[in-house]
Amino acid sequence: MSNIRFKALQDVLSRTIPEVKPPSPKISDYFGSNVFDNKKMKEYLSSEAYQGIVNSIEKGEPIPRDLAEQIASAMKAWALGKGATHYTHWFQPLTGTTAEKHDAFFEPTADGGAIERFSGDALAQQEPDASSFPSGGIRNTFEARGYTAWDPSSPAFLMARTLCIPTVFVSYTGEALDYKVPLLKALNVLDKAAVDVCHYFDKGIEKVNASLGIEQEYFLVDLALFNARPDLYLTGRTLFGHMSAKNQQLEDHYFGSIPERVYAYMQDMEAEALQLGIPLKTRHNEVAPSQFECAPIYEEINLAIDHNQLLMDLMDRVAKRHNFKVLLHEKPYAGLNGSGKHNNWSLITNTGKNLLSPGKTPKNNLMFLTFFVNTIKAVHEHADLLRASIASVNNDHRLGANEAPPAIISIFLGSQLNDVLDEIETSRISKKIKEENLLWQGIPKIPQILPDNTDRNRTSPFAFTGNKFELRAVGSSANSASPMTILNLIVADQLKKFKYDVDKLMKKGEKKDLALLMVIKKYIKESKNIRFEGNGYSEEWEKEAAVRGLPNIKTTPKALDALLSDKSENLFAESGVFTVREAHARHEILLDAFYKKLQIEARVIGELVMNVIIPAAITYQSKLIENVKGLKDIGLDKSTYASQLDIINRISEHVNFIKTNTEQMVNERKKANVIEDLRQRAIDYDENVKSFFQPIRYHVDKLEQLVDDSLWPLPKFRELLFIK
Ligand code: ADP
Ligand code: MG
């Protein structure tokens, strides 16, 4: 049969479930077996070399050259022992995905033979031909070089037969061309600021790091059906498709039993992830049909992000073995829940203390309140920047679409902690309380286990969940480094201000604890507006947020303005996390990706309607016309073919609408393409080109309902969504 949809459906029916054999029944037997971790380093290195590298990593210092040489040869020995032939610097360019260029270990020798070689230099630094990665104008042609440099804080790993070395990616002039450099810089700033504040409570704390647990939502679709939908494989989402009669309305998928085929895929994917040291712990069905989630145990943030980037890549690779395609797009199917990537974030000291975990004693509570309130204040001050950090063309479909957190950044604390903050705000902490005991009475009791720890307000973009904050507005395909750089940076900046404010009071003679509490109280008041416990999806909230003066920026091109505001510029400059040029470059890259993705979608819509959908509709219409002619020929009156005439007319109406609107869309695209100013071009694409997508789709979906099923060329939602 020529209809590609039917061919695909036949393929789906012939699927068998591949046998999945994890390396061992016990995960602990193989967890991390493909990672050159500390344990392996210890095994392959002399104890001095091992200690040397551990020290350098802990202090964040560069690894001396002779050490790098020893580590390179240890890595090589380990990798060759596991069958590796190649190595690569693995990095995270601003395309949002990961990049790698493999080089063989092998080198010919003068006597005509060959050996495997891997030098310290090759480990430490590479110069990939980087001219095709987005640089936002940072790399002019005369300085087109880009360098990747080893990030020893993230261990090397083996992917298939290639040794992968996590690296940063910078330009010849030292500017960041990736997601990792600013993240590492922000973490440094955070470490310093947080340790300083910790010293009010505990002089023994030497280091503070952020921890991150990333929940990853995704859809699975059969590979044959995916390949029969050019919109899916060219844009990652369906641009057409009438909603399936049954979809998510019965809410029977969430946490339901995992379909057999999917279960096999998950086990296979998890086994590979676990060997790569990605500590996957949780798996479950999500709300929409064929939507799933996996989550690892949280890790040190830089590693957690590397692992998530690696996981996204791995998920897709393993899926092919199971004839699946993983859809990481934020909104593959209109009308169904989209996918996000919840970022569970906290601060942890070198002494193992979670700074966002309420303490047992009032004194510990004061420390908790300090970090808790400073985080709230930071988000209040820079909500626009946090919003910008999660902005993308894909995420625009999700945010504020009544199914995901809105474009308004607010914070959910749960009633108990809200009450605690209210209590402090209205309490009469005053300079008169000189007596220690009285002061402690001023701090409300915070139970260690918060009952509304589980009372999750799913509608909040930023929620406190017991001992961590959860940023839920991140898109499923995003690199978490973007929002996490901003979050860590703004918290660091806030902690510096806090220290300044507290020290000032102390210099005036205030006792330390009282000074801390006074500043906390002040911050609670100042940041009150961002706290919201109600339904974030509701219209009332939009109205209230407007009254409160909270930004509600629904589209990416405008949300990105925050990257260039004076306030952000100061923040970046003071912390050194982004130079002005880097911030501008990122702004440009993000705008560029935004409009180009819409451009691609508009083109795909144009091609599909003209070459696939309208022809199918006309084929059916011609059949009806034949039928009407036949009925007429045998002498029947009009009443016998009135329905056919009605369908014939309706098809013409839809086809006309689709064709004229597609032509208008193409015109608008042409106009937008010549707009010089990139921001304006992106806005124009958003407002004048994208605005055609929905009306055109509406009429295409109407045709889908009218046209003979056997003539419809694109797999339908009901076929895509229910896994056989
Ligand atoms: P839910 O879906 O109910 O939010 P999950 O168990 O799916 O919960 O995910 C919670 C995530 O939060 C996990 O990745 C978990 O490891 C992580 N997490 C727990 N504690 C912390 C913490 N202190 N810092 C960062 N992440 C944490
Ligand atoms: Mg969660």
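Ligands are counted one by one from 1 in listed order, and the atoms in each one are counted from 1 as well. Any value given below was found using the heavy atoms of this structure, including those in side chains, with hydrogens, waters and symmetry copies removed. Quick caveat, the model's predicted, so the values are computed rather than measured.
- By the 3.5 Å distance cut-off applied to N or O atoms, Lys468 is not counted among the residues near ligand 1.
- Considering backbone and side-chain atoms together, Thr282 places no N or O closer than 3.5 Å to any N or O of ligand 1.
- Among residue pairs with one or both ends in residues 467-487, those qualifying as ring-ring contact (aromatic ring centres under 6.0 Å, His included) are Phe372-Phe469, Phe462-Phe469, Phe464-Phe469; sequence neighbours excluded.
- Contacts between Asn354 and ligand 1, counted as non-hydrogen atom pairs separated by less than 4.0 Å, involve the side chain only.
- Near Glu470, with a cut-off below 4.0 Å to any heavy atom, the atoms of ligand 1 are 4 (O).
- Partners of Asp316 under the side chain to side chain donor-acceptor pair (under 3.5 Å) rule, at least two apart in sequence or in another chain, are Lys325.
- The closest side-chain heavy-atom distance from Phe412 to Asn418 is not below 4.5 Å.
- You'll find the side chain of Phe169 stays beyond 4.5 Å of the side chain of Tyr179, heavy atoms only.
- Here Glu293 has side-chain heavy atoms under 4.0 Å from ligand 1, and that is the only part of it that gets that close.
- Between Glu215 and ligand 1, at least one pair of N/O atoms sits closer than 3.5 Å.
- Listed by atom number, the atoms of ligand 1 under 4.0 Å from Ile297 heavy atoms are 16 (O).
- For the pair Arg261 and Phe324, the cation-pi test (distance below 6.0 Å, angle within 45°) is passed.
- Applying the 4.0 Å criterion to heavy atoms of Pro296 picks out, from ligand 1, the atoms 13 (C), 14 (O), 16 (O).
- At a threshold of 4.0 Å, the pair Lys180-Asp306 counts as salt-bridged, since one of the basic side-chain nitrogens sits closer than that to a carboxylate oxygen.
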